[in-house]
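Presented below is the structure to which this report refers.
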Amino acid sequence: MPQPQQHYLVITALGADRPGIVNTITRQVSSCGCNIEDSRLAMLGDEFTFIMLLSGSWNAITLIESTLPQKGAELELLIVMKRTSAHERQPMPATVWVKVEVKDSPHLIERFTDLFDTHQMNIAELASKTRPADATTPAQLSIQITAHSAANTDAAIIEQAFHQLCTELKAQGSINVVSYSENEDKLQ
């Protein structure tokens, strides 16, 4: 029997955190016949945010689009939904992971995102967290970034640029560059 065409929906839910909220949302998704393809959950201040990529038949996606706003209102959540399509993965010959610890100040994350933009790398994931100052230590910013390049990237060039930026910002940083050959891409 042929598989029905899959449709995709991105949902973001934002609101005050309380026990059972994730279970309630995922139960609603399942009851509509949708599958959670990818998801992220985070606490930002006192707010909970949940981002999901759902897949399902046209009927299942339409059902979640029509029922989730009411469930969101009951849970006092802001819900944003957008139809999308399956993401075709392009070959990415280079992947870069960086971790940075630095005294917190404005514009730091922008400096690191600009580094990847300058080297034509696509940021796939970015996580940052600020630890407040205490009696002996100023506020510290932790940044983790994963980026990909569709072009063969000379690892030494991005590594040198990263280390120069860390030195300029007096940051502690680590970088890991993995380059895949075309033959390895075909195996995956």
Side-chain angles (χ1 to χ4, degrees), residues 1-92 95-102 104-117 121-133 139-150 188:
M1 179 177 243
Q3 179 83 347
Q5 182 182 1
Q6 291 291 294
H7 294 261
Y8 297 88
L9 183 71
V10 174
I11 295 174
T12 300
L14 173 68
D17 188 38
R18 57 190 167 280
I21 197 164
V22 173
N23 186 47
T24 302
I25 294 169
T26 57
R27 185 180 302 129
Q28 183 73 23
V29 167
S30 295
S31 72
C32 291
C34 294
N35 184 47
I36 300 172
E37 297 279 336
D38 197 358
S39 65
R40 305 284 188 278
L41 181 142
M43 290 296 302
L44 302 171
D46 289 334
E47 300 299 311
F48 143 92
T49 186
F50 193 22
I51 303 169
M52 298 176 282
L53 172 63
L54 307 181
S55 66
S57 67
W58 184 88
N59 287 345
I61 296 295
T62 301
L63 184 58
I64 194 72
E65 285 175 319
S66 63
T67 61
L68 193 59
Q70 176 61 35
K71 185 58 72 177
E74 291 170 16
L75 297 169
E76 298 177 357
L77 294 174
L78 173 63
I79 303 280
V80 177
M81 297 181 278
K82 184 176 187 288
R83 291 261 182 153
T84 189
S85 56
H87 181 66
E88 294 296 324
R89 291 192 178 247
Q90 297 176 340
M92 295 289 176
T95 298
V96 176
W97 293 275
V98 299
K99 290 184 179 183
V100 178
E101 292 281 332
V102 63
D104 192 30
S105 68
H107 306 289
L108 289 173
I109 295 172
E110 174 190 353
R111 295 290 304 276
F112 285 96
T113 59
D114 184 59
L115 173 76
F116 289 105
D117 184 47
M121 297 197 81
N122 184 29
I123 295 175
E125 294 183 2
L126 185 151
S128 66
K129 184 149 184 86
T130 303
R131 285 188 306 279
Q140 289 288 115
L141 174 65
S142 296
I143 307 168
Q144 293 183 31
I145 300 174
T146 301
H148 303 292
S149 175
Q188 294 179 356

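On a predicted model such as this, the values are computed, not experimentally measured, just so you know.
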Of all residues at least two apart in sequence or in a different chain, which pass the side-chain contact (heavy atoms from CB on, under 4.5 Å) check with [X]?
| X | value |
| --- | --- |
| D46 | none |
| Q140 | E101, K103, R131, T137, P138 |
| S30 | none |
| E74 | Q70, K71 |

Does a side-chain heavy-atom distance below 4.5 Å link [X] with [Y]?
| X | Y | answer |
| --- | --- | --- |
| I143 | K99 | no |
| I123 | H148 | no |
| L53 | I36 | no |
| W97 | I145 | no |
| V22 | F48 | yes |
| I51 | L41 | no |

Taking all atoms of both residues into account, what is the closest heavy-atom pair of [X] and [Y], and its distance?
| X | Y | answer |
| --- | --- | --- |
| S57 | Q6 | N-NE2, 4.4 Å |
| I109 | S128 | CD1-OG, 3.4 Å |
| A139 | A133 | N-CB, 3.4 Å |
| P69 | I64 | CD-O, 4.1 Å |
| A60 | G33 | CB-O, 3.7 Å |
| M81 | E65 | CE-O, 3.5 Å |

Atom pairs and distances, donor-acceptor, side-chain atoms in residues 7-14, under 3.5 Å, two or more places apart:
none

From [X] atom [atom1] to [Y] atom [atom2], the distance as rounded to the nearest 0.5 Å:
| X | Y | atom1 | atom2 | result |
| --- | --- | --- | --- | --- |
| F112 | Q144 | CZ | CD | 12.5 Å |
| S142 | K129 | OG | NZ | 9.5 Å |
| L68 | L54 | CG | CG | 8.5 Å |
| L63 | S31 | CG | OG | 7.0 Å |
| I79 | I25 | CD1 | CD1 | 5.5 Å |

Return the set of residues passing salt bridge (charged side-chain N to carboxylate O under 4.0 Å, His left out) with D117 (not counting sequence neighbours), or none when no residue passes. none
Please test C32 against V29 for side-chain contact (heavy atoms from CB on, under 4.5 Å), starting from the C-alpha separation and ending with a verdict. CA-CA 5 Å; C32 291; V29 167; over 6 Å; no
Go through the steps for R40 and M52 under the test side-chain contact (heavy atoms from CB on, under 4.5 Å), then give the verdict. CA-CA 7 Å; R40 305 284 188 278; M52 298 176 282; over 6 Å; no
T146 vs V96, test: side-chain contact (heavy atoms from CB on, under 4.5 Å). Steps then yes/no. CA-CA 6 Å; T146 301; V96 176; over 6 Å; no
Given R83 and I61, is the side-chain contact (heavy atoms from CB on, under 4.5 Å) satisfied, shown in steps? CA-CA 9 Å; R83 291 261 182 153; I61 296 295; 3.3 Å; yes
